[in-house]
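Reviewing the structure listed below.
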Amino acid sequence: MAATRADLMAFLDKLGIETNTVDHEPVFTVEESRDLKKAIPGGHTKNLFVKDKKGTLFLVVVLADAIVDMKGLHKKLDCGRLSFGKPDLLEEKLGVTPGSVTPFSIMNDKDQSVTIVLDEAMLTYEILNYHPLKNDATTAIKKDDLISFIRATDHEPLILAISEPAE
């Protein structure tokens with residue numbers, strides 16, 4: 001069974017990680033979240049759940065306005081060509097639905113089958129914002145605490161230069 005927001009908050013609390021969560025209407029796209037970006041300080045993000053032809057899974061986390069060369073991303077990840085993971089695979093592996101994808105969902109990947117990739121440009125922000133497993137809230141977390149959280153789920157994040165700055 002996938003973790004709930006309460007499970008996530010309890011885990012963060014157990015780790016001694018402070019966060020701030022703002023409830024809001026569900027948002028499904030970066031465009032829909034523009035107003036939230038103005039109201040909530042910190043880096044806002046998008047999350048790409050992708051797989052290569054061998055079935056290797058990645059969760060790539062970049063700034064919301066970042067430009068990602070999807071045709072060349074496989075070279076940066078040193079894998080085969082990539083496609084987006086289907087919603088049923090996303091729910092099976094990370095316990096979330098499209099629109100709610102978040103690095104917090106890595107806590108649902110109990111068999112460590114998903115590699116989480118954090119874009120270097122995103123980590124220039126001290127505070128980062130992600131959905132707490134559902135897209136009806138946004139949780140702010142310090143970047144170092146995010147990395148600590150990921151490691152506490154038995155994942156080692158790859159930190160790579162993934163994106164190009166927005167124009």
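What you see is a predicted model; the values in this text were computed from it and never measured. All values below come from the heavy atoms of this structure, side chains included, with hydrogens, waters and symmetry mates left out. The residues of the chain are indexed from 1 along the displayed sequence.
- The closest side-chain heavy-atom distance from V117 to K76 is not below 4.5 Å.
- At least one side-chain heavy atom of I116 sits less than 4.5 Å from a side-chain heavy atom of L118.
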Taking only distance into account, with no hydrogens and no angle test, what donor-acceptor pairs under 3.5 Å do side-chain atoms of residues 86-95 form with protein atoms, sequence neighbours excluded?
none

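- Within a 6.0 Å sphere centred on CD of E156, other residues, nucleotides and ligands contribute more than 12 heavy atoms.
- Side chain of K54 to backbone of K51: no donor-acceptor contact under 3.5 angstrom is found.
- When all heavy atoms of D111 and S113 are compared, the pair lying nearest together is OD1-OG, 3.0 Å.
- Side-chain atoms of L12 and I141, non-hydrogen and from C-beta on, do get closer than 4.5 Å to each other.
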Report the C-alpha separation of I159 and I147 in whole Å, then their side-chain angles, then the decisive distance to 0.1 Å, and conclude whether the side chain to side chain contact (heavy atoms under 4.5 Å, CB included) test is met. CA-CA 10 Å; I159 299 172; I147 293 169; 4.0 Å; yes
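- Side chains of L123 and L128 form a contact here, defined as non-hydrogen atoms less than 4.5 Å apart.
- Looking only at distances, a side-chain donor or acceptor of D7 sits under 3.5 Å from a matching main-chain atom of T4.
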Could you check V68 against L48 for side chain to side chain contact (heavy atoms under 4.5 Å, CB included), going step by step and ending with a plain yes or no? CA-CA 10 Å; V68 178; L48 311 170; 4.2 Å; yes
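- The minimum heavy-atom distance between L133 and L8, with the atom names listed, is CD1-CB, 3.9 Å.
- Taking every heavy atom of both residues into account, M122 and V61 meet most closely at SD-CG1, 3.5 Å.
- Listed by chain and residue number, R5, A137 satisfy the side-chain contact (heavy atoms from CB on, under 4.5 Å) test with D23 (two or more places apart in sequence, or in another chain).
- Closest approach of G99 and H131 over heavy atoms only: O-CD2, 3.5 Å.
- The residue from T21, N20, T102, N129 that alone fulfils the side chain to side chain donor-acceptor pair (under 3.5 Å) condition with T139 is T21.
- Distance check: K110 NZ to D154 CG gives 9.0 Å after rounding to the nearest 0.5 Å.
- Atom NZ in K53 sits 10.5 Å away from atom CG in L82 (nearest 0.5 Å).
- Put simply, OG1 on T45 and CG on L146 are 9.0 Å apart, with the number rounded to the nearest 0.5 Å.
- A pairwise comparison of heavy atoms in F58 and C79 identifies CE1-SG, 3.7 Å as the closest pair.
- Environment of NZ in K134: sparse, with no more than 12 heavy atoms of neighbouring residues, nucleotides or ligands closer than 6.0 Å.
- Annotation: K142, atom NZ; neighbour count of heavy atoms from other residues, nucleotides and ligands within 6.0 Å does not exceed 12.
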Give the C-alpha distance, both sets of side-chain angles, the deciding distance and a yes or no for side chain to side chain donor-acceptor pair (under 3.5 Å) between D145 and S148. CA-CA 5 Å; D145 287 341; S148 294; 4.9 Å; no
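- For the pair S163 and E120, the minimum side-chain heavy-atom distance is 4.5 Å or more.
- When T138, D136, N135 are each tested for a side chain to side chain donor-acceptor pair (under 3.5 Å) with H24, only one passes: T138.
- More than 12 heavy-atom neighbours from other residues, nucleotides or ligands sit within 6.0 angstrom of CZ on F11.
- Under a hydrophobic clustering in which Ile, Leu, Val, Met, Phe, Trp and Tyr are joined whenever their side-chain heavy atoms come within less than 4.5 Å, directly or via other members, Y130 and L15 fall into the same cluster.
- Between L63 and D119, every side-chain heavy-atom pair lies at or beyond the 4.5 Å cut-off.
- Of all heavy-atom pairs spanning H155 and P157, the tightest one is O-CD, 3.7 Å.
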